[in-house]
Amino acid sequence: MSEPSNQPLSAPPAASPRRTALDAVHRALGATMTDFAGWDMPLRYGSERDEHQAVRTRAGLFDLSHMGEITVTGPQAGQALDHALVGHLSALAVGKARYTMVCAPDGGILDDLIVYRLAEQRYLIVANASNAQTVLDTVAVRAAEFDAQVTDDRDAYALLAVQGPAAPGILKALTDADLDGLRYYAGLPGTVAGVSALIARTGYTGEDGFELFVAPADAEPLWQALLAAGADAGLVPCGLSCRDTLRLEAGMPLYGHELTAQVTPFDAGLGRVVKFDKSGDFVGREALTAAAARAADIPPRKLVGLVAEGRRVPRAGYTVTDASGAVIGEVTSGAPSPTLGVPIAMAYLDAAHAAPGTEGVAVDIRGSREPYRVVALPFYQRER
């Protein structure tokens, strides 16, 4: 893989929508395209239900090149990230990855991230496409007092993902990298189908799988090699639509839905990512300390799962009511679940109504109170 570029920190805004290195491939496959966070991305290639089921039972191939890559290097790169983010990144071992967040001084979530430690003085931040510029600018400002350099490397990478139970076997046919030794939330450099790549084992589907960070020029030959290697295993191209239902079933939050600048990690039930025991101060510590205390007492609302008793599908923003019709919460994400065969949703509910099995809960769907069961997240968890 080519070395990341050293372009200016804040690149001028590109014409919208941007296209990934695989754009021509998606169009040749007949993908339905959609504008997502300023990128022209494949929504589906055929049936989103079939794509969903392929990932659950076989494997799916995703283009995730819209994600934002930011490199932090230098003698104090780890300390800079400890200050800028809520996690303890200086303690991360080389070759490992960590889920973390960047928060505002008031504790609100600006984005959720995965950070890879590639070398002693080199980290790779992967941000959501919609927030990549905010993360870049925020980390740069917060790292300014440290001996560290923050680089915008969004144009240096294409990102492919192979997800599903057949993913390890498919990738093993194309690489001699030690995939068996690559644990969850880790990464290693390697060669896949003759292409230099950072091979990571994370994911956003609830299944096992790998992410492949490569130079954009290598994306198309790698995509074709993966499809060929996975043909007998049932590998299919997958779009953003099934990615959303897969992550919803797995109870994984989505920025702009479960996570926003008005929500702290503790509000979202993700307080574990905040590391108060790291040395030095970090942005948001005071506000997050207060949020942790509130969560330890009686949180105002909790993020829960909802499973429909009927067939009507809830959407983000729909209100949730109790048996008397009083509003007790709001849906953050909702969709039909191909795995469960019924509509599901995630919602923030008042703590008094958030226990699994709570009766009388309904979602207001266009004026009709549709009955739902409160359940613990996730809705689906693969056998390990």
Side-chain angles (χ1 to χ4, degrees), residues 1-14 17-23 36-41 62-74 77-78 80-81 84-85 87 89 92 94-102 110-119 121-143 148-162 185-190 192 195-204 209-220 222-223 240 243 255:
M1 178 167 46
S2 62
E3 282 295 310
S5 63
N6 290 315
Q7 60 183 301
L9 183 61
S10 295
R18 299 179 65 184
R19 296 184 176 186
T20 77
L22 291 165
D23 182 76
F36 181 81
W39 288 83
D40 210 13
M41 297 296 295
F62 296 85
D63 177 11
L64 305 181
S65 301
H66 61 305
M67 302 294 282
E69 293 85 10
I70 300 158
T71 303
V72 183
T73 58
L81 290 176
L85 311 180
L89 286 311
L92 190 62
V94 173
K96 300 296 184 182
R98 183 159 295 166
Y99 176 75
T100 187
M101 296 178 180
V102 56
L110 299 179
D111 201 16
D112 60 333
L113 316 164
I114 295 179
V115 177
Y116 299 88
R117 190 168 194 172
L118 304 182
Q121 297 185 12
R122 189 180 194 86
Y123 294 80
L124 178 66
I125 300 172
V126 181
N128 286 298
S130 58
N131 296 329
Q133 189 66 47
T134 296
V135 174
L136 173 68
D137 294 340
T138 301
V139 171
V141 169
R142 295 178 184 181
Q149 295 75 49
V150 180
T151 306
D152 180 2
D153 280 321
R154 286 175 286 180
D155 291 336
Y157 294 102
L159 178 57
L160 282 64
V162 185
Y185 265 71
L188 82 169
V192 182
V195 169
S196 180
L198 169 64
I199 306 170
R201 197 169 201 163
T202 57
Y204 194 55
F210 302 88
E211 288 70 49
L212 305 172
F213 294 83
V214 301
D218 293 329
E220 184 170 344
L222 179 57
W223 175 279
L240 294 181
R243 184 171 162 83
Y255 196 88

*Asks:* Could you tell me if the side chain of Val192 sits less than 4.5 Å from the side chain of Val214, heavy atoms only?
*Replies:* no
*Asks:* For Arg117 and Leu89, which heavy atoms make the closest approach, and how far apart are they?
*Replies:* NH1-O, 4.1 Å
*Asks:* When rounded to the nearest 0.5 angstrom, what distance separates CG in Asp111 from CG in Leu136?
*Replies:* 12.0 Å
*Asks:* Do Phe62 and Leu64 make a side-chain contact, defined as non-hydrogen atoms from C-beta onward lying under 4.5 Å apart?
*Replies:* yes
*Asks:* Does some side-chain heavy atom of Gln121 sit less than 4.5 Å from a side-chain heavy atom of Thr73?
*Replies:* no
*Asks:* Which is it for Asp63 and Ser65 under the side-chain hydrogen bond (donor to acceptor under 3.5 Å, both in side chains) test, yes or no, and what are the steps along the way?
*Replies:* CA-CA 6 Å; Asp63 177 11; Ser65 301; 2.7 Å; yes
*Asks:* Between atom OG1 of Thr71 and atom CG of Leu118, what is the distance when rounded to the nearest 0.5 Å?
*Replies:* 7.5 Å
*Asks:* Shortest non-hydrogen contact from Ala148 to Ala80?
*Replies:* CB-CB, 4.1 Å
*Asks:* Please give me the minimum heavy-atom distance between Ala21 and Ala219, naming the atom from each residue.
*Replies:* CB-CB, 4.1 Å
*Asks:* To the nearest 0.5 Å, how far apart are CD1 in Ile114 and OG1 in Thr100?
*Replies:* 10.5 Å
*Asks:* Looking only at heavy atoms, which two atoms of Gln149 and Gly74 are closest? And how far apart?
*Replies:* OE1-CA, 3.9 Å
*Asks:* Should Arg18 and Asp155 count as side-chain neighbours, where that means a heavy-atom distance under 4.5 Å?
*Replies:* yes
*Asks:* Say you draw a straight line from CE of Met67 to CG of Leu159; how long is it, rounded to the nearest 0.5 Å?
*Replies:* 7.5 Å
*Asks:* Where the side chain of Thr20 meets the backbone of Leu22, is there a donor-acceptor pair that is under 3.5 Å apart?
*Replies:* yes
*Asks:* Any donor-acceptor pair under 3.5 Å linking the side-chain atoms of Tyr99 with those of Asp112?
*Replies:* yes
*Asks:* Is there side-chain contact between Leu124 and Phe213, with heavy atoms separated by less than 4.5 Å?
*Replies:* yes
*Asks:* For the residue pair Ile125 and Glu69, establish whether any side-chain heavy-atom pair is separated by less than 4.5 Å.
*Replies:* no
*Asks:* Does Leu212 reach the side chain of Ile199, with side-chain heavy atoms less than 4.5 Å apart?
*Replies:* yes
*Asks:* When you measure from the side chain of Asp152 to the backbone N and O of Arg154, does any donor-acceptor pair fall under 3.5 Å?
*Replies:* yes
*Asks:* Quick check: closest heavy atoms across Glu211 and Gly203, and the distance to 0.1 Å?
*Replies:* OE2-CA, 3.6 Å
*Asks:* Testing the basics here: between Val115 and Leu92, what is the closest heavy-atom pair and its distance to 0.1 Å?
*Replies:* O-CD2, 3.7 Å
